[in-house]
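Right, one structure below, let's go through it.
Atoms considered below: every heavy atom in the structure, side chains included; atoms not considered: hydrogens, waters and symmetry mates.
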Amino acid sequence: MLFNSVQFFVFLPVFLFCYFLSPHRFRWMVLLAASIYFYMSWRPEYILLIFFCAFLNYFSAILIQQSVDDRRRKLILTISVILNLSVIFVFKYLGFFTGIFNTASSAAGSSLNLPMVNLLLPVGISFFTFHTMSYTIDVYRKEIPLEKHVGYFILFVVFWPMLLAGPIERGAHLIPQFRKKYRWDFDRTVSGCQRIVFGLFKKAVIADRLAPMVQTTYSQPENFGSLATFTAAVFFSIQIFCDFSGYCDIALGCAQILDFDLFENFNKPYKAGSIREFWSRWHMSLSRWFRDYVYIPLGGNRHGRLMQYRNLLITFLVSGLWHGANFTYIVWGGLHGLFQIAGSETEPAKNRFYRFSGLSRFPGLINATGILLTFLLVTFAWIFFRAQNITQALQIIAHIFRFKLNMGFKEIMLGEGLIRFTITIGLLAILLLSAFIPKKISVLSSWLLSLFFLVLLIFFGINDGNSAFIYFQF
């Protein structure tokens, strides 16, 4: 079920009506039934996969809690993690690695070829497996208490606002909220609805309006020169932010109506002055997950600079692979790791240059330069993330530096429906998103702003209900 579909806007009020009319002791059942229905509206049979992951980690955590022998506890955890990762591997990476094996086999002159298995990727598989793994690992580390209520634990896995694309929650943060008693609150509902409108606006008015040009340019890079190709790369940076953060706004808005507090996933990432700061602002729940369960267990920054850089690079390569079975994602992750290493290595020299040149007296200029450079580096890496393969990514990069500056620019802008007026609206909206919305505004301002977004959504949004969110594929 898509957040931007008619089906969802029928589901939401019916669910809220049933939920808030139910006695507190039965609400978790209503929420669980709604979450199961929410996922089954896509592919009913894949709910069995979620139940497998849920029960696997539920019973693994119980066995770990009951074990007093450290070796046995570690063995149970290892088996649990392997089984969780095996689920992801079979559905997400089996075809990828089979293709690599067959290519290597052919290159070596062998006739041994493994059969290709193409399975439909379950929506949200990487997210709900990471939810469940984090819980088991935290129980093993004795960082959270064991959750014995099987219903609450399954609800933690399938909680519908965050089920398909995050944010990636932790058991210690979300599970206790299922026991909380609360009544329907008008102000909380209004605030949640305003956030839902804001998220739909980012998705339908900005992301979906930019998508056609990005798609056409990336699919036919040979037809476009520097300006069109560079514009498409910048537009994708804006598109993926508005698409993903728009989803998270809707998810957090729905949770807010229910009085649930989910992790924030974005904090104006394109205002970051460095790649390191960017990752403290972008997809923050995933960044924390890889920090806590990959980077720190590898050793973090505890064993010298070279080991720190090694751990950082491995973490980003794994993060890239997490996004999909394609070398483009691995390159994207590796680039961000290398950018961070380069930033750390050049930081002392950069500060000495600022002091020597006198630029240290102009912190605003330094900050603006850092923001621009970071955005360009992030946009460069996004080229690999968006491209279908490495060859296409290199074509896009090559065409950015083509001599034919304006080739195809006017045609693609007009031909794909991004007429001048719509672009003006989009740019205005982007400015509002990035610069002029403080964290706390008055009640009147929030109402006026929400009305403004709603008007733009009605008149300029793409509301066909068929535009899936980008991160659903992960």
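Looking at R179 and E147, a side-chain N of the basic residue comes within less than 4.0 Å of a carboxylate O on the acidic one, giving a salt bridge. With respect to the salt-bridge test (charged N to carboxylate O, under 4.0 angstrom), the residues D292 and R170 qualify. The pair K202-D243 fails the salt-bridge criterion, with no side-chain N (NZ, NE, NH1 or NH2) lying under 4.0 Å from an Asp/Glu carboxylate O. The existence of a salt bridge linking E264 and R195 is confirmed by a sub-4.0 Å separation between a basic side-chain nitrogen and an acidic carboxylate oxygen.
Counted within 6.0 Å of CZ on R72, heavy atoms from surrounding residues, nucleotides or ligands total 12 or fewer; the atom is thus considered open. Remark: K181 NZ is loosely packed, at most 12 non-hydrogen atoms of other residues, nucleotides or ligands lying under 6.0 Å away. The local environment of CZ in R288 is crowded, with over 12 non-hydrogen atoms from other residues, nucleotides or ligands closer than 6.0 Å. More than 12 heavy atoms of other shown residues, nucleotides or ligands fall within 6.0 angstrom of atom CZ in R302.
Looking at F130 and F290, their side chains come closer than 4.5 Å, going by heavy atoms from C-beta outward. No side-chain heavy atom of F127 sits less than 4.5 Å from a side-chain heavy atom of L163. Counting heavy atoms from C-beta on, the side chains of Y58 and V157 never come closer than 4.5 Å. Two residues are said to be in side-chain contact when any heavy atoms from C-beta on lie closer than 4.5 Å; F15 and W160 meet this criterion.
No hydrogens or angles considered: a donor-acceptor pair under 3.5 Å links the side chains of T379 and S237. Residues D69 and S67 have side chains that never bring a donor and an acceptor to within less than 3.5 angstrom of each other. A donor and an acceptor atom, one from each side chain of S191 and Q256, are located under 3.5 Å apart. Looking only at atom types and distance, the side chain of N4 has no donor-acceptor partner in the side chain of Y247 under 3.5 Å away. There is a side-chain donor-acceptor pair under 3.5 Å between Q215 and R386. Defined by atom type and a distance below 3.5 Å, a donor-acceptor pair is missing between the side-chain atoms of H323 and W332. Neither side chain, S287 nor W282, offers a donor N or O lying under 3.5 Å from an acceptor on the other. Checked by atom type, the side-chain pair N57/N84 shows a donor-acceptor distance below 3.5 Å.
Note that R27 lies in the cation-pi zone of Y19, set by a 6.0 Å cut-off to the ring centre and a 45° limit from the axis.
The two residues L335 and A381 have their closest heavy-atom pair at CD1-CA, 4.1 Å.
A distance of 13.0 Å separates NE2 of H283 from CZ of F241, quoted to the nearest 0.5 Å. Summarising the geometry, atom CZ belonging to F230 is positioned 13.0 Å from atom OG1 belonging to T217; distances are rounded to the nearest 0.5 Å.
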Requested in this report: Give the intermediate values and the outcome of ring pair (Phe, Tyr, Trp, His ring centres under 6.0 Å) for residues Y329 and F384.
Outcome: CA-CA 7 Å; Y329 296 120; F384 288 92; over 10 Å; no
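Aromatic ring orientation, H336 versus F339: perpendicular (interplanar angle above 60°, classes split at 30° and 60°).
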